[in-house]
Amino acid sequence: MRLIALRTRTAWIACAILALGSLALPASAQEDTGPSTPTFKEGDVIGIDKVDSLKPFLPEEFWSNRDFFFYEGMKLEIGPFYRDYSPAEAYQAASAKFAGQAKIGPGASLENQTAGQPFAMDKIDCKGDPEAGAKIIWNFDQQWEGDGADSRFYYSYWDRGEELPLYYEGTAKTVQLSRRVEPEFLDKQGGDMFRGERRKNAFGIEVDAPFDARGILVMTYRYKDSEKQTSQTKNDDTWVYVPTLRRVRRISSAQRTDAVSGTDFTFDDLRSFSGVAPQYSWKCLGEMDILAPINSKVAAYPYKKDHNFGPYGLSYADDRWELRHAVKIRFTPNNSDHPYHHKDIYIDKQSMTPLYSFAYDRKEELWKIIWHNHRWSGDNLPEDKGAWYAGWEGVPVPSDARVISDTIVNVQTGTGNRIEFWDSHGTPLASKGKVRRYIDVGRLTKGR
């Protein structure tokens with residue numbers, strides 16, 4: 001039984017890894033505090049001696065804990081201001097086609113959504129609309145990501161600057177099963193890949209290392225009914241193949257808000273929020289301009305394993321950062337047993353990708369900082385050896401600004417985790433047959 005428990009916890013860690021992109025206004029600093037002119041410009045390289053110039057354009061909690069992120073020898077390159085990261089034309093067309101149809105239902109649920117962005121960001125009144133927070137999180141949930149994700153990952157553990165020997169490597173893939181924008185699905189089947197589809201997506205993982213975890217397979221389904229109010233919500237189903245047992249076990253989804261064994265992440269912390277939106281109350285706190293790593297020029301895992309992530313192993317300061325229009329929302333859990341009192345999430349207004357989030361414990365003290373690095377599908381790294389994110393029928397140009405690394409810092413203990421998947425792309429599998437085989441839970445029983 002002890003071995004079974006250990007393998008189960010390991011599988012949950014692998015599952016958490018997977019879940020694993022406006023208007024041209026004058027720059028405004030935090031919390032709508034008014035205009036502010038940056039003292040930096042595109043092309044500047046910011047070292048530790050000039051880091052104070054970044055303060056007006058960083059979240060206050062991030063700046064207060066900057067010793068985790070900024071360090072002697074850092075070379076932070078300032079990229080373009082407000083670069084255009086518009087999503088793929090097919091996604092924009094779907095957003096226009098179904099504009100005005102989606103609405104917020106009881107308990108922050110989503111109703112009448114077909115495909116594309118449910119709510120036009122330029123029509124959301126952050127301060128005046130009590131549903132603004134819910135509308136934004138559904139835009140976040142339905143953001144353009146192509147087919148989902150296809151990547152190799154590396155999951156590392158850090159304790160006050162020391163990388164611990166516990167790690168995980170493997171491959172991961174997400175398949176979008178509904179809300180598809182390609183004409184072959186949208187015009188004929190309402191956005192579903194398969195007729196009568198009840199799932200939103202399926203995502204799987206295979207763990208390749210370390211040796212004692214090799215061969216673990218995970219498959220999770222998220223359902224359309226996860227968009228309904230809490231009393232009608234259907235939670236995720238997850239299955240894991242345990243090599244030592246040679247059998248598939250079903251895992252309870254009730255542990256999504258528990259800390260993953262040995263880490264500072266909860267399952268819902270991936271990409272700042274990967275939970276079920278109606279299980280929370282949402283509020284829009286304001287709009288501001290934020291500096292963040294939005295289009296990496298780094299080649300980290302799986303290209304390179306020796307990139308410098310700072311003395312704590314949790315920094316993207318040696319990379320390109322850009323000034324972005326952002327919106328800040330807050331969730332408050334409906335469940336009184338939730339470990340967080342609330343979490344504040346900063347989201348890029350154009351790509352709807354997460355930039356930063358800050359989780360507070362039940363005493364309302366800052367507990368965790370979660371932030372992300374990103375890549376733009378239109379730019380290649382030298383290590384890509386060609387296009388890393390190919391288009392497909394219906395989407396010839398992916399136009400995807402996507403998360404390619406999650407980092408979490410526990411500011412109360414100095415520990416943290418970094419998940420890297422720099423080669424993640426959203427190009428789908430070549431055929432429906434391959435999709436069916438990949439998402440079939442029966443595939444797990446074969447141990448591959």
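Bear in mind that the values here come from a model prediction, so they are computed numbers and not experimental data.
The only option from Arg83, Lys297, Arg402 that meets the salt bridge (charged side-chain N to carboxylate O under 4.0 Å, His left out) definition with Asp379 turns out to be Arg83. With respect to Glu227, the salt bridge (charged side-chain N to carboxylate O under 4.0 Å, His left out) criterion is satisfied by exactly one of Arg199, Lys200, Arg198: Lys200.
A donor-acceptor contact under 3.5 angstrom links the side chains of Asp84 and Gln350, judged on distance only. Inspection of the Ser151 and Ser424 side chains reveals no N or O donor paired with an N or O acceptor under 3.5 Å. Between the side chains of Lys368 and Tyr340, at least one donor N or O lies within less than 3.5 Å of an accepting N or O. A donor atom on one side chain and an acceptor atom on the other are not found under 3.5 Å apart for Thr407 and His372.
A donor-acceptor contact shorter than 3.5 Å links the side chain of Arg222 to the backbone of Gly275. Listed for the Lys127 side chain is a donor-acceptor partner under 3.5 Å among the backbone atoms of Leu285. At distances below 3.5 Å, at least one donor-acceptor pair connects side-chain atoms of Thr233 with backbone N or O atoms of Lys228. Checking side-chain atoms of Ser64 against main-chain N and O of Glu61 turns up no donor-acceptor pair under 3.5 Å. Looking at Arg320, its side chain does come within 3.5 Å of a backbone N or O of Asn295 through a donor-acceptor pair. Not one N or O on the side chain of Asp384 forms a donor-acceptor pair closer than 3.5 Å with the backbone of Ala387. Side-chain atoms of Tyr241 do not come within 3.5 Å of backbone N or O of Met219 as any donor-acceptor pair. Using modelled atom types, no side-chain atom of Arg250 and backbone atom of Trp239 make a donor-acceptor pair closer than 3.5 Å. Checking side-chain atoms of Ser296 against main-chain N and O of Val298 turns up a donor-acceptor pair under 3.5 Å. For Ser377 (side chain) and Asp400 (main-chain N/O), a donor-acceptor pair under 3.5 Å exists by modelled atom type.
For the atom pair CH2 (Trp158) and CZ (Arg418), the distance works out to 5.5 Å, reported to the nearest 0.5 Å. Note that CG of Leu58 is 12.0 Å distant from CG of Asn65, once rounded to the nearest 0.5 Å.
Taking the six-membered ring wherever Trp is involved, the centroid distance between the rings of Phe68 and Tyr312 falls below 6.0 Å. Between Tyr360 and His342, the ring center distance clears the sub-6.0 Å criterion. Separation of the Trp282 and Phe331 ring centroids falls under the 6.0 Å cut-off. Ring centroid separation for the pair Tyr301 and Trp422 does not come in under the 6.0 Å cut-off.
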Subject >> ring-ring contact (aromatic ring centres under 6.0 Å, His included) between Tyr346 and Trp371, worked out >> reply: CA-CA 9 Å; Tyr346 291 77; Trp371 62 315; over 10 Å; no
Original post:
Checking salt bridge (charged side-chain N to carboxylate O under 4.0 Å, His left out) for the pair Asp289/Arg324: CA distance, chi angles, key distance, verdict?
Top reply: CA-CA 5 Å; Asp289 283 3; Arg324 303 296 299 167; over 6 Å; no
Original post:
Which is it for Arg179 and Asp141 under the salt bridge (charged side-chain N to carboxylate O under 4.0 Å, His left out) test, yes or no, and what are the steps along the way?
Top reply: CA-CA 11 Å; Arg179 314 288 192 230; Asp141 180 84; over 6 Å; no
For residues 98-118, which side-chain donor-acceptor pairs fall under 3.5 Å, sequence neighbours excluded?
{"from": "Ser109", "atom 1": "OG", "to": "Pro106", "atom 2": "O", "distance (Å)": "2.8"}
{"from": "Gln113", "atom 1": "NE2", "to": "Gly116", "atom 2": "O", "distance (Å)": "2.9"}

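Across all their heavy atoms, Val395 and Ala88 have their closest contact at CG1-CB, 3.9 Å. The nearest pair of heavy atoms linking Trp367 to Asn410 is NE1-ND2, 3.3 Å. Residues Pro278 and Thr230 share a closest heavy-atom pair of O-OG1, 2.8 Å. Nearest approach of Ala292 to Tyr356, heavy atoms of both residues: CA-OH, 3.6 Å. Counting all heavy atoms, side chain and backbone alike, Ile136 lies closest to Cys284 at CD1-SG, 3.8 Å. Closest approach of His374 and Pro354 over heavy atoms only: NE2-O, 2.8 Å.
A salt bridge links Glu182 and Arg180; the closest N-O separation between the charged side-chain nitrogens and carboxylate oxygens is under 4.0 Å. The pair Arg214-Asp208 does not meet the salt-bridge criterion, since no charged nitrogen lies less than 4.0 angstrom from a carboxylate oxygen. Look at Arg271 and Asp406 and you find no salt bridge, because none of the NZ, NE, NH1 or NH2 atoms lies under 4.0 Å from a carboxylate O. Under a 4.0 Å N-O distance rule, the pair Glu287/Lys349 qualifies as a salt bridge. For the pair Glu197 and Arg195, the salt-bridge criterion is not met [side-chain N within less than 4.0 Å of a carboxylate O].
Counting non-hydrogen atoms of other residues, nucleotides and ligands closer than 6.0 Å to CZ of Arg362 gives a total above 12. Counted within 6.0 Å of NZ on Lys283, heavy atoms from surrounding residues, nucleotides or ligands total 12 or fewer; the atom is thus considered open. The number of heavy-atom neighbours closer than 6.0 Å to CD of Glu89, taken from other residues, nucleotides and ligands shown, is 12 or below. The environment of Lys434 atom NZ is sparse: at most 12 non-hydrogen atoms of other residues, nucleotides or ligands sit within 6.0 angstrom.
When side chains are defined from C-beta on, Val403 counts as touching Phe421, because their heavy atoms get closer than 4.5 Å.
Using cut-offs of 30° and 60° on the angle between ring planes, the pair Tyr91 and Trp144 is tilted. Relative ring orientation between Phe69 and Phe62 is described as parallel, the plane-to-plane angle staying below 30° on a 0-90° scale split at 30° and 60°. Note: Phe273 and Phe140 have tilted aromatic rings, judged against thresholds of 30 and 60 degrees for the angle between ring planes. Between Tyr389 and Trp392, the ring planes lie parallel to each other; the angle is under 30°, not in the 30° to 60° tilted range. Between Tyr168 and Tyr155, the two ring planes are tilted [angle within 30° to 60°].
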